[in-house]
Number of protein chains: 2
Amino acid sequence: MPSLEKALAALDADRQGALDRLFDLLRFKSISTDPAFKDDVARAADWLASHLNAMGFEASARKTPGHPIVVAKAKAARADAPHVLFYGHYDVQPVDPLELWETDPFAPSLKEVEPGWSQILGRGAGDDKGQLMTFVEACRAYKANGGLPCHVTLLFEGEEESGSSSLPDFLAANAKELKADLMLVCDTNMWDRQTPLITCMLRGLALEEVTIKAARRDLHSGMFGGPAVNPIHVLSQVIAGLRDAEGRVTLPDFYEGVPELPPEIRAQWAALKFDEAEFLGDVGLKTPAGEVAYSALEQIWARPTCDVNGIWGGYTAPGSKTVLPAEAHAKFSFRLVGKQNPQQILESFRAYVKACLPDDCEAEFLNHGASAAITLPFQSEAIQRASRALQAEWGKPPVLAASGGSIPIVGIFKRELKMDSLMVGFGLDDDRIHSPNEKYELSSFQKGARSWARILDALAN
Amino acid sequence: MPSLEKALAALDADRQGALDRLFDLLRFKSISTDPAFKDDVARAADWLASHLNAMGFEASARKTPGHPIVVAKAKAARADAPHVLFYGHYDVQPVDPLELWETDPFAPSLKEVEPGWSQILGRGAGDDKGQLMTFVEACRAYKANGGLPCHVTLLFEGEEESGSSSLPDFLAANAKELKADLMLVCDTNMWDRQTPLITCMLRGLALEEVTIKAARRDLHSGMFGGPAVNPIHVLSQVIAGLRDAEGRVTLPDFYEGVPELPPEIRAQWAALKFDEAEFLGDVGLKTPAGEVAYSALEQIWARPTCDVNGIWGGYTAPGSKTVLPAEAHAKFSFRLVGKQNPQQILESFRAYVKACLPDDCEAEFLNHGASAAITLPFQSEAIQRASRALQAEWGKPPVLAASGGSIPIVGIFKRELKMDSLMVGFGLDDDRIHSPNEKYELSSFQKGARSWARILDALAN
């Protein structure tokens, strides 16, 4: 029978071995965006497959039109155990500018930053090799101590940093094989280095480009300025009218499906004492500009937005040109939460734009994608069990958090495999992922593995 | 003594000679923007100077850092006669696309387009060689018939089509020599081929570029969308707030110095039956979009505007990018009339923009020039006399018109020499200046010369 206590003891007893194995993985230059590293990516996949086979998984590096996807499967000790699909990625970001690295990005090392506190240095340490190995080490500990509490399928992607282009087709083609009860994703952060965090919500995203057309051609503002409608003015009115003085989006029914936070979550978030001043101050701002009724953290995690990401029209080079342009353009994005329907919102937006148009103007729309928000209910069984497990490991309950951005792979799994994701990760905001001198806290790696051991146990019992 | 009757008779008697002389001038490839034609431009200047010397002017082609400026002077028969400075330009536009010309652009010809009605074809026929030669021919006729009614200084520029870059310094350096009682400019159009026109007003122009700055760097809209202020939204509010529902500019005191049209001018303009539908229809529009209280013609000729000529910010390439830009930019232009003060309007605009800024935003301003409107009062002596002269020639009073655009050289003369300009020209809107198959109506050339003979007489007596 699987034993949590023995698994935890095994993890504690083999800390050096776990670190050596992670360092082996970190040495592969598995940069997925640069074709020059194609063979390095493949070697990393092969190492993972062979490593997992040696652990008793049935593992292989599967071919895709891009980089390989490693799939590994192992049964639980008990046949009626739940089945989890764990996702991670073994590819990494490019390393330039190389001169800013204090160590060789592919020669991992341990650095003691304060007495008794060390960091793992190297490209991929935090994103995502260190994170995925927390789960692998938890599985290893169980395999040697009575077996796995859950059926486990591992899926390690090699293209996360280059757009996951092979993943949707791969999931669709292997849906039956990969379908599980719950997806586990280890690619997110903790609240701080002592406080675990479960990401329960990801905002959705609807992207729409608008072109306002007026005259048949660009006009001279001396000859036509006055009677000729200016599409830049019209577009500005469209944008200015989208939000009211309280920062709310004015589209009819926009807030339909937007849930109010459960009071206990709102209280938990308030208790986090999120430092708005520091958050905004880091980028040169000081005043939250969104909905006045919500804190900055609520605005990012739990409220929808409408933003313009780009605008252009007329003469934009140096100097001046007295032109009335024939067209003006803007790219809009809506961040969505809860059950907001992206298609309904896009329709409502298009209707609003059309209603703004004066005589002689028309609007053209170009969609750049739309996806609903992803929510794992705070009260769900998976979150309740994972919360208890994390509390046991860290001595405090996890923050039940949200993410303002999307995590594309979570959306892909939801769409292709209809699976909910439990997002637990042990990264920190200062891990410098995607930047020189990437690191992963040694405690994240060690207590992360222990956390997964506890979560697997909690899910099974 | 100068004799108008004899001068008119001389013009009628030597029509072929006048046409030959114009054709001689049209043959020079005096394209000022293209350095390859530098010598052709110089030869045209030399031809003019020698031609004018032969007519009894004291003429020379003066060197400038660019192309020569031809200056010619002749005294009136009476010492106490008024002194006029006539401006024209002998440089022409490039001829490309050459394949669209039906004739060689520098082999001028006459084409009978309907029985008894001919056009002069060739680059520069209408802009501005044909026009300047109307005045030269009027002077020639007087010189041979009792002398000039006015002291005349001719100034023919060779850089009008390339920005008149040498003219301001030349005028400043020769102000004393060139200063006269009135400037005559022949570079404008008639109302139609039977109706003369005096351009009494040119709108001024103030050009200001605005940059709205928010965060220190571009932000991710997932991470910051909501609390981070978006400078594109702010800029859109700036633009949307600049005009009210009646199409009026909302800046405080914007309309200070904007004259109401004299009732007789308003009536004259209304009687022109300006075809708004055709004017707007030509460019694919149908509804005048400016101040609702004014006709489209009044909006262009006599009302100020505020337009955005260009806008940009954020991501503008194909596809989408969920960025909150750090900056957004727009180029504004104000068309000004009457006594509107460009500096005061720019100050008022800057104050308005600053008042629109929410916390965390700042605005930077970059001026691209400002010039007041130019107005020769409808009731002025010069316009009254020129109107009588034109009525005598054309059988109907001239339209006392305005121009929505600026004519830079008129502003330069006003600024450098403090001289008012009487703008009378005989071009037509369909002369295809700047395009292939440029033409000038033969009647414009012949009756134009007769018109100037009458105007010189009217100014002197």
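For A/Leu366, no part sits under 4.5 Å from any heavy atom of chain B, backbone or side chain. For A/His329, no part lies near chain B; criterion is any non-hydrogen pair under 4.5 Å. In this structure, chain B has no heavy atom under 4.5 Å from any part of A/Glu291. The parts of B/His233 that come within reach of chain A are both its backbone and its side chain, each placing non-hydrogen atoms under 4.5 angstrom from that chain. Using a 4.5 Å cut-off between heavy atoms, B/Leu280 contacts chain A through its side chain alone, with no backbone atom that close. Residue A/Asp218 does not touch chain B at all, counting heavy-atom pairs closer than 4.5 Å. Heavy atoms of B/Arg335 lying under 4.5 Å from chain A belong exclusively to its side chain. Residue contact with chain A, scored on non-hydrogen atoms closer than 4.5 Å, involves the backbone and the side chain of B/Thr287 alike. With a 4.5 Å cut-off on non-hydrogen atoms, B/Lys321 touches chain A through its backbone but not through its side chain. For a residue to count as touching a neighbouring chain, one of its non-hydrogen atoms must lie under 4.5 Å from one of that chain's; by this rule B/Glu209 touches chain A with the side chain only. If you measure heavy-atom distances from B/Leu207 to chain A, the contacts under 4.5 Å come from the side chain alone. Proximity to chain A (any heavy atom under 4.5 Å) is restricted, for B/Ala317, to the backbone atoms N, CA, C and O. For A/Leu205, the part sitting under 4.5 Å from any heavy atom of chain B is the side chain, from C-beta outward, and nothing else. Of the atoms belonging to B/Leu219, it is side-chain heavy atoms, and not backbone ones, that fall under 4.5 Å from chain A. Residue B/Pro318 touches chain A through its backbone alone, counting heavy-atom pairs closer than 4.5 Å.
For the options A/Trp312, A/Phe224, A/Tyr294, heavy-atom pairs under 4.5 Å to chain B are most numerous at A/Trp312. Put simply, of B/Arg203, B/Arg303, B/Arg217, the one with the most heavy-atom pairs under 4.5 Å next to chain A is B/Arg203. Here A/Ala215 is the residue among A/Pro358, A/Ala215, A/Gly314 with the most heavy-atom pairs under 4.5 Å with chain B. Per-residue heavy-atom pair counts under 4.5 Å with chain B were compared for A/Ser221, A/Ala214, A/Gly404, and the maximum is reached by A/Ser221. Chosen from A/Leu324, A/Leu235, A/Ile232, the residue pairing most often with chain B at heavy-atom distances under 4.5 Å is A/Ile232. With chain A as partner, the option from B/Thr322, B/Val229, B/Val234 having the largest number of non-hydrogen pairs under 4.5 angstrom is B/Thr322. Most heavy-atom pairs under 4.5 Å with chain B: of the set A/Gly290, A/Gly313, A/Ala326, A/Ala296, this distinction falls to A/Gly313. Considering only heavy-atom pairs separated by less than 4.5 Å from chain A, the leading option among B/Thr305, B/Val323, B/Asp307 is B/Asp307. Among A/Cys361, A/Gly405, A/Ser406, the residue making the largest number of heavy-atom pairs under 4.5 Å with chain B is A/Gly405. Top candidate by heavy-atom pairs under 4.5 Å with chain A, chosen from B/Gly225, B/Ser320, B/Gly319, is B/Gly319.
Residues of residues 238-249 of chain B lying under 4.5 angstrom from chain A, judged on non-hydrogen atoms, are B/Ile239, B/Ala240, B/Arg243 by number.
Listed here is the closest heavy atom pair of A/Met223 and B/Phe279: O-CZ, 3.5 Å. Across B/Ile311 and A/Ile311, no two heavy atoms sit closer than the pair CD1-CD1, 3.6 Å. Between A/Ala289 and B/Ala228, the closest heavy-atom pair is CB-C, 4.0 Å. Taking every heavy atom of both residues into account, A/Ile300 and B/Gly222 meet most closely at CG2-O, 3.7 Å.
Expressed to the nearest 0.5 Å, how far NZ of B/Lys286 lies from CG of A/Asp359 amounts to 5.0 Å.
Judged by distance alone, with hydrogens and angles left aside, the side-chain atoms of A/Arg216 form a donor-acceptor pair with the main-chain N or O of B/Asp282 at under 3.5 Å.
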